[in-house]
Peer 1: 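The structure that follows is given in the form of structure tokens.
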Amino acid sequence: MGILSWIILGLIAGALAKWIMPGPDPGGWIVTMIIGIVGAFIGGWVGSFVGLGTTGGLSLGSIITAVVGAVILLFIYRMVKSRG
């Protein structure tokens, strides 16, 4: 159930990351949602080490962790794509 929760949470986090960081993205909404899923996994993984979120379900801490992970990954993606 943990992985499924983070995929769903990643879709939500991708949408929220796009809302927090509006602007043109190479790849559009689909790439942003994929970045959200990956960001949620990375955020959840890092957050579980520092005690900010768990991978067991949907809670306020896990949502914040996933959104922060997605925003950071979206920022990095934009920086890499703007240089290349």
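Please read these numbers as outputs of a predicted model, since none were measured by experiment.
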Peer 1: Using the test side-chain contact (heavy atoms from CB on, under 4.5 Å), find all partners of V68 that sit at least two apart in sequence or belong to another chain.
Peer 2: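 Per chain and number, V68 pairs via side-chain contact (heavy atoms from CB on, under 4.5 Å) with I64, I72.
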Peer 1: Under the side-chain contact (heavy atoms from CB on, under 4.5 Å) rule, collect the residues that match up with A70, sequence neighbours excluded.
Peer 2: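 A13, A17.
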Peer 1: CD1 of I37 to CD1 of I42: how many Å apart, nearest 0.5 Å?
Peer 2: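 Nearest 0.5 Å value for the CD1-CD1 distance: 12.0 Å.
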Peer 1: Give me the atom names and distance for the closest heavy-atom approach of L74 to M21.
Peer 2: CD2-CB, 4.1 Å
Peer 1: Can you measure from CZ (F75) to CD1 (I20) and round to the nearest 0.5 angstrom?
Peer 2: 14.0 Å
